[in-house]
**Q** 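So that we are looking at the same thing, I have put the structure below in structure tokens.
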2 protein chains.
Amino acid sequence: MRRLSDRLDRDLSGLYADYGVRFEPRWYPIVALLEETGPRAITEMASELGLTHPAVSQVAKSLIEEGLCKKRADKKDGRRHLLSLTPKGKKRIEQLRPLWRAVFQATENLLTDELPGLMAELDALDQSLNEKSMSARVKALLPHEVDA
Amino acid sequence: MRRLSDRLDRDLSGLYADYGVRFEPRWYPIVALLEETGPRAITEMASELGLTHPAVSQVAKSLIEEGLCKKRADKKDGRRHLLSLTPKGKKRIEQLRPLWRAVFQATENLLTDELPGLMAELDALDQSLNEKSMSARVKALLPHEVDA
DNA sequence: TTAAATTATGTAAGTGCTTACATAAATGGG
DNA sequence: CCCATTTATGTAAGCACTTACATAATTTAA
């Protein structure tokens, strides 16, 4: 699974350069989330994207340096910083829209035509691990020499 | 997929410490391969495991420092270094055998009971990408503004 | 009201890989 | 035989995350 996901990432990572628009692949999840839902706090994004907050903080810093995002304090909570898209960020998104559409379409085609059950299986794996972690499963099979 | 594989890795990475045996998770693929097939060269292992040769070289160095492996020149090719298990390495493997068995069993149970189609879908994904890369699929859907 | 506990974010350092670069041995063709 | 090309491995640096640590704001409980 890791090899496959690495493979897909590597395969797609050159597309932005080919497309002639400056954009880092790791920016995508955050930019897409901000476009969809508006200004968000670092930990909110981290939680939703399944990353740690320092990872999001680092990407946020990178996006701010590129001018695609800006940060402001949350009036309701002095600890929080809300990240949002700049006009430049929104314009970059519009430039990339056709590329992202093509990626979605290609993914959709692949899943529909060739891998009809993949998403269901991955969701089921997620659920199964929610119910019982892999390590718990392993430990249940071991002689009682390992702490629970 | 990446989140899931990360999740599984993180979940299992504490098992060695819990089990009370000193072993790094990234050693496993190489140690297992050496046990199964005997002494191997760096690039052979890299190719079979889907890693780059520097990655394997780094793990090899780590294993040698731990005393689990040793390296010798290949008599047939003066460039090649064959990595093999030391007696200490073989002993470490025997210590870990019950844990690895439990991991295999847990995996088997999960695949058989809850995710019967997962491996087939992942194999199919691999095949599909062999036939046509994801970026090629995307580019086929784009207006003709991107180099083929 | 105050202090302890919790939560938000930044920074530093580590991890496990990758790509880039370098050197040397082997191979193949003229 | 000689040389250009290919192949094997090591080292350096980069990448995208993680964990650890630190500071500060907010919340909760006494």
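When reading the values below, keep in mind they use all heavy atoms of this one structure, side chains included, and skip hydrogens, waters and symmetry mates. Since we're looking at a predicted model, the values are computed, not measured. Proteins get letters first, then strands, A, B, ... in listed order; numbering begins at 1 in each.
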**Q** Any side-chain donor paired with an acceptor under 3.5 Å for A/Asp123 and A/Gln127?
**A** no
**Q** Tell me the interatomic distance from A/Leu83, atom CG, to C/dA8, atom P, rounded to whole angstroms.
**A** 16 Å
**Q** Rounded to whole angstroms, how far apart are CD on A/Glu48 and P on C/dA8?
**A** 14 Å
**Q** Using side-chain heavy atoms (C-beta onward) and a distance below 4.5 Å, is B/Leu141 in contact with A/Asn109?
**A** yes
**Q** Taking atom P of C/dT7 as reference, at what distance in whole Å does atom CD of A/Glu44 sit?
**A** 14 Å
**Q** In whole angstroms, how far is the C1' atom of C/dC17 from the NZ atom of B/Lys61?
**A** 16 Å
**Q** Report the distance from atom CG of A/Leu142 to atom CG of B/Leu15, rounding to the nearest 0.5 Å.
**A** 7.5 Å
**Q** Expressed in angstrom and rounded to an integer, what is the separation of B/Asp9 atom CG from C/dT15 atom C1'?
**A** 12 Å
**Q** Which two nucleotides bound the region of DNA chain D that has atoms under 4.0 Å from heavy atoms of chain A, read 5' to 3'?
**A** D/dA16 to D/dT26
**Q** Please identify which of these residues, A/Phe23, A/Trp27, A/Tyr28, meets the ring-ring contact (aromatic ring centres under 6.0 Å, His included) condition with A/Tyr16.
**A** A/Phe23
**Q** What about A/Leu82 and A/Ile30, same hydrophobic cluster or not, with Ile/Leu/Val/Met/Phe/Trp/Tyr joined at side-chain heavy-atom distances under 4.5 Å?
**A** no
**Q** Between atom CG in B/Leu51 and atom C1' in C/dT19, what is the gap in whole Å?
**A** 14 Å
**Q** Looking at A/Lys132 and B/Glu114, is any side-chain nitrogen of the basic one under 4.0 Å from a carboxylate oxygen of the acidic one?
**A** no
**Q** Please list, pair by pair, any protein nitrogen or oxygen found under 3.5 Å from a nitrogen or oxygen in nucleotides 26-28 of chain C.
**A**
unit_1: C/dA26; atom_1: OP1; unit_2: B/Gly78; atom_2: N; d: 2.6

**Q** To the nearest angstrom, how far is B/His81 atom NE2 from C/dT23 atom C1'?
**A** 12 Å
**Q** Taking the nucleotide of DNA chain D with the closest heavy atom to each, which residue, A/His53 or B/Arg80, is nearer the 5' end?
**A** B/Arg80
**Q** Specify the separation, in whole Å, of atom CD of B/Gln58 and atom P of C/dT15.
**A** 12 Å
**Q** What heavy-atom pair brings B/Cys69 and B/Thr86 nearest, and what distance separates the two atoms?
**A** C-CG2, 3.6 Å
**Q** Test of understanding: with side-chain hydrogen bond (donor to acceptor under 3.5 Å, both in side chains), list the residues that count as partners of A/Asn130, not counting sequence neighbours.
**A** B/Arg7
**Q** For A/Arg92 and A/Val21, work out which heavy atoms get closest and say how close.
**A** CD-CG1, 3.4 Å
